Enquirer: 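Following this message is one structure expressed as structure tokens.
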Amino acid sequence: MSRKTYRQAINEALAQEMRRDPTVVFMGEDNVGGMGAPGEDDAWGGVLGVTKGLMPEFGRERCLDTPISESAFIGAAVGAAATGLRPVAELMFVDFMGVCLDQIFNQAAKFRYMFGGKAVTPVVIRTMYGAGFRAASQHSQCLYPIFTHIPGLKVVMPSSPYEAKGLMIQAIRDDDPVIFLEHKVLYDDEEEVPDDPYTLPFGEANLTREGNDVTLVTLGRMVKFCNEVADKLEGDGIRCSVIDLRTTSPLDEDTILENAEETGRVVIVDESNPRCNIATDISALIAQNAFDALKAPIKMVTAPHTPPPFAPELEDLYIPDQAKIEAAVREVAAH
Amino acid sequence: MSRKTYRQAINEALAQEMRRDPTVVFMGEDNVGGMGAPGEDDAWGGVLGVTKGLMPEFGRERCLDTPISESAFIGAAVGAAATGLRPVAELMFVDFMGVCLDQIFNQAAKFRYMFGGKAVTPVVIRTMYGAGFRAASQHSQCLYPIFTHIPGLKVVMPSSPYEAKGLMIQAIRDDDPVIFLEHKVLYDDEEEVPDDPYTLPFGEANLTREGNDVTLVTLGRMVKFCNEVADKLEGDGIRCSVIDLRTTSPLDEDTILENAEETGRVVIVDESNPRCNIATDISALIAQNAFDALKAPIKMVTAPHTPPPFAPELEDLYIPDQAKIEAAVREVAAH
Amino acid sequence: MATPSGLQLPREDLLRAYRMMCDIRAFEDRVHEEFATGTIPGFVHLYAGEEASATGFMMHLGNKDYIASTHRGHGHCIAKGCDIKAMMKEIYGRRDGLCGGKGGSMHIADLDKGMMGANGIVGGGPPLICGAALSAKTLKTGGVAIAFVGDGGSNQGTTLESYNLAKVWDLPAVFVVEDNRYAESTASVWSVGGSQLKRAEGFGLPGRKVDGQDFFAVYEAAQEAIERARGGGGPSLVHVETYRYYGHFEGDAITYRTPEETDEVRAQRDCLNLFRERVTAAGVLDAAQIDEIEAQAKALVDEAVAEAVAAAPPGEQDLMTDVYVAY
Amino acid sequence: MATPSGLQLPREDLLRAYRMMCDIRAFEDRVHEEFATGTIPGFVHLYAGEEASATGFMMHLGNKDYIASTHRGHGHCIAKGCDIKAMMKEIYGRRDGLCGGKGGSMHIADLDKGMMGANGIVGGGPPLICGAALSAKTLKTGGVAIAFVGDGGSNQGTTLESYNLAKVWDLPAVFVVEDNRYAESTASVWSVGGSQLKRAEGFGLPGRKVDGQDFFAVYEAAQEAIERARGGGGPSLVHVETYRYYGHFEGDAITYRTPEETDEVRAQRDCLNLFRERVTAAGVLDAAQIDEIEAQAKALVDEAVAEAVAAAPPGEQDLMTDVYVAY
Ligand SMILES: Cc1ncc(C[n+]2csc(CCOP(=O)(O)OP(=O)(O)O)c2C)c(N)n1
Ligand SMILES: Cc1ncc(C[n+]2csc(CCOP(=O)(O)OP(=O)(O)O)c2C)c(N)n1
Ligand SMILES: [Mg+2]
Ligand SMILES: [Mg+2]
């Protein structure tokens with residue numbers, strides 16, 4: 001056990017799985033870096049350094065740089081997964097899905113069904129999401145609702161270093177295509193993380209706080225915000241449960257519904273744009289299945305229906321923050 | 001006024017707008033057909049004949065065939081829209097979005113915001129969606145929740161020939177990027193459609209039936225099914241309102257909420273896959289804003305969380321049908 | 001032009017090749033007929049006319065070699081060794097079809113046979129084949145991977161990116177552009193700027209053009225490309241000039257070309273006829289053997305249709321299975 | 001090599017060209033400095049070193065001509081005539097920045113100036129430029145459209161498809177591959193299979209390679225390509241060999257190349273130095289004029305920074321505007 005960043009936790013998960021299983025390879029733009037260039041050998045480790053240090057141990061055959069050809073190399077990862085490898089492919093920013101989505105949603109996600117259960121496609125697509133870097137409209141989106149909408153994909157969103165390591169190891173060992181979403185603002189977050197390999201299960205949410213007044217359902221970076229709000233409100237006598245979904249597909253419906261039934265008051269916090277997102281998804285689940293237990297309208301805290309803006313002042317307004325979450329909880333608690 | 005099919009209604013809308021406005025052009029694979037080929041001149045008019053007959057009047061300069069290069073030609077439509085034309089581009093099946101989504105969601109949808117309000121991008125992307133043709137997993141999807149999720153796009157889903165003509169003319173005249181979704185099973189549907197041009201507004205739902213017991217919220221092909229169910233249940237004393245959304249973005253929240261408040265009982269029928277879709281979106285809207293008026297859980301009738309299957313027997317089970325809708329309404333009415 | 005190497009093939013290989021071509025032709029002709037009766041659902045794209053292409057390549061492949069096909073996949077499937085009866089059942093949407101009735105004509109696959117699927121997405125296959133080639137290279141299986149793509153599909157960005165990725169990663173891959181002159185109604189002389197061979201060169205791939213109606217020419221070009229890939233010589237491209245006899249899909253009124261054009265190819269350049277003439281003229285096979293193979297193919301397809309018609313469809317219990325390995 | 005045509009440019013054009021290059025250099029050098037102080041938010045990619053490329057092309061363009069840029073867009077913006085002060089404000093995220101502070105460095109655009117935007121998506125521009133060229137052709141504006149793309153972006157399928165579409169539609173378009181040897185940390189000698197010129201040929205486009213450090217060479221190649229497009233001669237490609245002085249983005253530790261490599265280009269092949277030497281040696285401009293232009297550029301950028309620093313950011317009332325024309 002030692003303190004590790006989110007970045008280190010993912011790196012360690014990759015290293016340990018690559019040691020354990022020779023069929024695990026990774027690929028992506030500059031994932032090692034420096035191909036054909038006169039400088040250092042392990043030059044980059046990805047744009048934010050997540051895979052740095054792995055190539056010297058595992059070699060260029062298993063640590064692959066790629067041209068800027070997402071369709072080709074994400075598709076190659078999918079094809080390799082169907083033929084014996086366990087590739088971890090990096091889509092640098094989730095915002096780039098538009099140039100390669102077909103290989104993800106029509107190929108990887110559908111092979112097993114279209115082929116009558118005969119295909120196994122254990123590919124992991126790592127990708128960076130979320131606002132907070134002043135990276136503007138094309139480098140700050142969430143987009144995980146889109147993957148969640150697609151049958152055949154699993155969608156994983158680690159909220160902390162501990163979560164990241166365990167979920168990444170599970171993702172690599174999992175036999176289905178997994179979209180693994182890393183929040184760019186979390187990479188330097190640090191906490192105690194076991195040194196040995198471990199897995200965290202998909203489809204089992206993590207109850208990070210327990211309280212009988214209000215249920216907060218959330219995911220990714222927002223888990224941290226929700227825990228902070230829950231801590232603060234405890235002082236005011238409002239006791240919140242906080243559910244970290246961990247995976248949006250599969251979804252742990254039981255934990256959500258049980259908790260919502262207990263409190264009767266629900267706030268869902270989702271960093272993505274508001275239409276057809278995880279907040280609406282969970283809200284609908286509860287409105288259909290726990291209706292009779294509800295004591296208040298279900299509140300959703302999300303980004304607005306706009307692209308992510310560049311200016312820091314606007315981006316800060318765009319991101320759901322502790323103040324907005326607190327206000328929503330207070331409103332629901334008072335209903 | 002004369003009887004026209006859905007196909008003819010769309011064709012007529014295009015013809016009338018092209019006559020009115022010389023900047024309107026259309027493009028797509030085989031949209032005229034026969035480029036470079038030794039046969040007939042107006043050989044195809046698109047794979048299901050929607051644009052057939054327009055080229056002889058408007059010429060090859062405004063009626064453009066394309067190579068199978070969706071990124072390039074959908075992007076070209078977007079670029080042309082930003083520089084003076086009003087292109088109507090056909091993405092043959094919405095299932096093909098994965099090879100060109102970037103030009104739609106990162107370019108067209110975001111220009112105006114990213115450029116501080118200075119860009120105008122009046123592009124229409126026509127595309128065919130939905131199950132029922134035994135066309136299997138990659139040619140039968142709905143996917144409109146994905147477009148609805150993206151700020152900057154308008155999403156239009158005509159439910160009948162009359163709707164199709166008026167909404168298409170509005171789409172062409174509209175200054176924002178519009179995704180215009182045509183259900184492949186509706187093309188041969190026929191009804192009375194005015195001969196003169198007319199527009200139907202975006203963001204104003206159409207109340208096709210009025211009743212005080214249950215509110216059915218729906219769209220596209222499902223409107224027909226819901227109306228049939230409403231007619232049938234009327235005989236059993238269950239009076240339904242049926243709301244045809246017409247556009248999912250913008251969304252007519254007022255009509256939905258008013259009607260839901262009146263009946264207190266809501267069933268949402270959405271042909272798409274169940275996670276993060278229009279059904280969850282509407283459900284969440286109501287659970288947040290009309291909660292106190294609700295008398296029953298909000299029911300959703302959707303496709304299951306699977307790709308569309310090929311075998312007719314499976315596809316028929318996959319599609320939300322009148323029996324499933326009726327069961328949901330009865331359940332909600334009885335709560 | 002007959003290549004000497006072709007006619008020097010062992011007799012059993014000649015028989016095997018002709019059987020593949022006849023199986024495909026019989027299959028496609030029969031599906032064409034059956035479709036017209038309304039018993040086959042969905043979109044169906046037939047490969048009749050192009051048999052020499054699939055056969056010329058697949059003769060060199062084993063089960064550890066992978067191919068990715070297109071929407072026009074029956075010929076590739078049959079040549080790669082997919083079970084013909086299970087294929088027919090799949091096309092009819094039957095529960096014991098090759099894909100449980102869930103895929104249909106556009107999604108027939110058999111990974112055990114190295115057949116990664118027909119594909120409903122034009123340009124869907126080439127990236128996948130880079131992956132299969134990467135597996136072969138990384139796991140040192142000795143296998144190669146081949147992407148078939150149409151003239152229309154050669155304009156899809158996914159295809160073009162794959163040429164480059166295969167080159168840059170130095171993969172044991174072959175790209176086969178089956179140019180049957182049309183993509184739906186659009187002629188390749190119009191849609192393809194430049195040329196297939198110059199494109200190959202543009203990405204650093206060796207390229208070669210062959211007469212796709214001549215089995216022996218395809219066979220030899222395929223051999224060169226596949227041996228190069230297998231021997232570590234990297235990816236390459238083969239441009240196969242061929243022709244489809246039926247419409248783009250079943251139901252196509254074929255207004256964009258003339259019946260004369262089709263008649264001429266059928267009469268002058270049919271790949272089965274050319275093969276037959278070649279081997280009988282050279283005396284390496286005799287007419288009776290050839291006739292027997294043709295008759296066997298038809299009989300097999302007759303049986304396949306009869307069984308498919310009689311087979312049971314999937315039911316409610318099948319709708320939700322096979323989405324995930326575990327969920 | 002100096003081209004005679006270059007030095008025969010009218011004096012005012014030489015002055016204009018040098019001013020463009022100096023404005024870009026001063027802008028980028030200063031943004032580099034300011035970024036290091038932490039006052040500029042976001043991802044910033046600088047064009048310093050590549051000025052002759054943007055300038056050589058933009059000298060031939062007017063407001064009815066459109067360009068699409070890349071993530072490394074400042075140089076293209078300045079050369080296309082975007083207001084430098086408004087650009088600086090945009091980079092600082094100010095309310096009266098060129099895009100209201102909503103776009104930032106990666107999304108500066110000014111459609112009135114024919115600048116269709118920097119682009120955060122590699123390969124985002126070429127399809128758009130096919131559209132701008134289509135508008136020019138259909139509306140008979142006489143305009144041309146130019147897509148700038150990096151060596152890395154030349155491997156993106158969207159770029160490759162656009163070559164073909166421009167050819168097939170016979171558009172007044174030019175594709176400029178600005179090959180600065182690297183895409184992030186990856187060298188173009190590795191990532192680009194084949195070559196840019198052979199790719200152009202592959203799609204039927206005339207292609208030409210130029211020394212991008214030599215303004216006059218770029219100017220002439222640009223003239224040829226642009227005149228061809230404007231005259232109805234169709235699309236073409238120019239491969240510009242150039243170099244970026246700073247890291248991929250500000251903050252890059254530049255471990256993948258050697259400082260010596262950069263020093264050598266700066267010392268031997270700097271496009272401003274080469275221009276200066278050429279025109280002063282030929283006696284068409286004198287050193288004092290050149291110095292004055294440089295000083296003016298620096299002063300302008302100083303003012304731009306001062307105003308940007310002092311300018312107000314957008315606020316809550318701006319968050320939800322500009323998503324739609326009407327909603
Ligand atoms: C991405 C995508 N775009 C368009 C289509 C529709 N479509 C199916 S087949 C086809 C023509 C393909 O032509 P070609 O590649 O030459 O193959 P052929 O049909 O001639 O065998 C088209 C346009 C598709 N399936 N996928
Ligand atoms: C589709 C997409 N993939 C990857 C990236 C990340 N990215 C931004 S710039 C860049 C390198 C681009 O290299 P090049 O095209 O040579 O342009 P340069 O930076 O050298 O000017 C990459 C990989 C992106 N923005 N978009
Ligand atoms: Mg073809
Ligand atoms: Mg570069």
Side-chain angles (χ1 to χ4, degrees), chain A residues 28-49 52 65-73 75 92-93 95-100 102 132-141 184 273 303-318, chain D residues 40-43 71 90 92-95 97 99-107 119-124 150-158 181-193 248-249 252-258 260-261 313-316 318-323 327:
Chain A
E29 290 152 18
D30 309 280
N31 260 3
V32 177
M35 280 306 284
E40 284 174 28
D41 226 25
D42 186 24
W44 262 37
V47 71
L48 293 187
K52 180 97 180 157
D65 279 349
T66 71
I68 308 178
S69 308
E70 284 87 357
S71 277
F73 81 77
M92 192 184 293
F93 288 76
D95 312 69
F96 307 161
M97 65 152 66
V99 297
C100 61
D102 185 72
F133 260 33
R134 289 58 172 110
S137 293
Q138 295 174 338
H139 285 70
S140 309
Q141 296 169 88
K184 56 176 82 67
N273 292 119
H305 188 62
T306 81
F310 165 65
E313 293 78 5
L314 292 183
E315 196 185 31
D316 289 345
L317 291 165
Y318 175 89
Chain D
I40 294 178
F43 289 121
H71 54 288
E90 187 59 34
Y92 273 82
R94 301 313 191 198
R95 187 164 203 261
C99 303
K102 286 175 172 167
S105 168
M106 260 193 296
H107 305 295
N119 209 309
I121 303 300
V122 170
D151 48 286
S154 79
N155 295 323
Q156 185 65 266
T158 56
R181 303 193 205 174
Y182 300 95
E184 299 195 338
S185 75
T186 301
S188 59
V189 291
W190 179 78
S191 77
V192 178
H248 169 65
F249 45 40
D252 177 5
I254 323 189
T255 47
Y256 46 85
R257 69 184 191 195
T258 63
E260 293 72 36
E261 181 186 276
E316 186 138 26
D318 301 309
L319 181 62
M320 305 282 291
T321 58
D322 303 329
V323 183
Y327 195 61

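Chain naming here is simple, since letters A, B, ... match the order of the sequence lines and numbering starts at 1 in each. Source: prediction; values computed, not measured.
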Enquirer: Under the 3.5 angstrom rule, does the side chain of D:Glu90 hit a backbone N or O of D:Gly103 as a donor-acceptor pair?
Expert: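 Checking the backbone N and O of D:Gly103 against the side chain of D:Glu90, a donor-acceptor pair under 3.5 Å is found.
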
Enquirer: Relative to chain D, which segment of A:Ser140 carries a heavy atom at a distance below 4.5 Å: side chain, backbone, both, or neither?
Expert: neither

Enquirer: Do D:Thr321 and D:Lys102 have side chains that get closer than 4.5 Å, going by heavy atoms?
Expert: yes

Enquirer: Using non-hydrogen atoms only, which part of A:Asp95 is less than 4.5 Å away from chain D: side chain, backbone, both, or neither?
Expert: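 Backbone only.
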
Enquirer: Flag the one option from A:Phe310, A:Phe133, A:Phe96, A:Tyr318 with the top tally of heavy-atom pairs under 4.5 Å to chain D.
Expert: A:Phe310

Enquirer: Give, as side chain, backbone, both or neither, the part of A:Glu70 having an atom under 4.5 angstrom from any heavy atom of chain D.
Expert: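 For A:Glu70, heavy atoms of backbone and side chain both lie under 4.5 Å from chain D.
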
Enquirer: Is it the side chain or the backbone of D:Met320 that comes within 4.5 Å of chain A heavy atoms, both, or neither?
Expert: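 For D:Met320, backbone and side chain are both near chain A.
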
Enquirer: Answer with side chain, backbone, both or neither: which region of A:Ser71 has an atom nearer than 4.5 Å to a non-hydrogen atom of chain D?
Expert: neither

Enquirer: Using ring centroids (six-membered ring only for Trp), state whether A:His139 and D:His107 fall under 6.0 Å.
Expert: no

Enquirer: Please check this pair: side chain of D:Ser188 against backbone of D:Tyr182, looking for a donor-acceptor N/O pair closer than 3.5 Å.
Expert: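 Between the backbone of D:Tyr182 and the side chain of D:Ser188 there is no qualifying donor-acceptor contact (under 3.5 Å).
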
Enquirer: When only pairs under 4.5 Å are counted, which of D:Met106, D:Glu184, D:Arg95 shares the most heavy-atom pairs with chain A?
Expert: D:Glu184

Enquirer: Highest number of heavy-atom pairs under 4.5 Å with chain A: which of D:Gly123, D:Pro41, D:Gly42?
Expert: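 That would be D:Pro41.
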
Enquirer: Flag the one option from D:Ala187, D:Ser154, D:Ser185, D:Gly157 with the top tally of heavy-atom pairs under 4.5 Å to chain A.
Expert: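 Highest number of heavy-atom pairs under 4.5 Å: D:Ser185.
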
Enquirer: Go through the steps for A:Asp65 and D:Thr186 under the test side chain to side chain donor-acceptor pair (under 3.5 Å), then give the verdict.
Expert: CA-CA 8 Å; A:Asp65 279 349; D:Thr186 301; 4.6 Å; no

Enquirer: Under 4.5 Å heavy-atom distance to chain A, tell me which part of D:Asp252 shows up: side chain, backbone, both or neither.
Expert: side chain

Enquirer: With side chains defined as the heavy atoms from C-beta onward, is the minimum distance between A:His305 and D:Tyr327 less than 4.5 Å?
Expert: yes

Enquirer: Counting only heavy atoms closer than 4.5 Å, note whether A:Pro38 contacts chain D via side chain, backbone, both or neither.
Expert: both

Enquirer: Look up atom CG in A:Asp42 and atom OG1 in D:Thr255, then write down how far apart they are to the nearest 0.5 Å.
Expert: 8.5 Å

Enquirer: Can A:Asp30 and A:Lys52 be counted as an ion pair, charged N to O under 4.0 angstrom?
Expert: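 Looking at A:Asp30 and A:Lys52, the cut-off is not met.
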
Enquirer: Looking at A:Pro309, A:Pro67, A:Ala135, which makes the most heavy-atom pairs under 4.5 Å with chain D?
Expert: A:Pro67

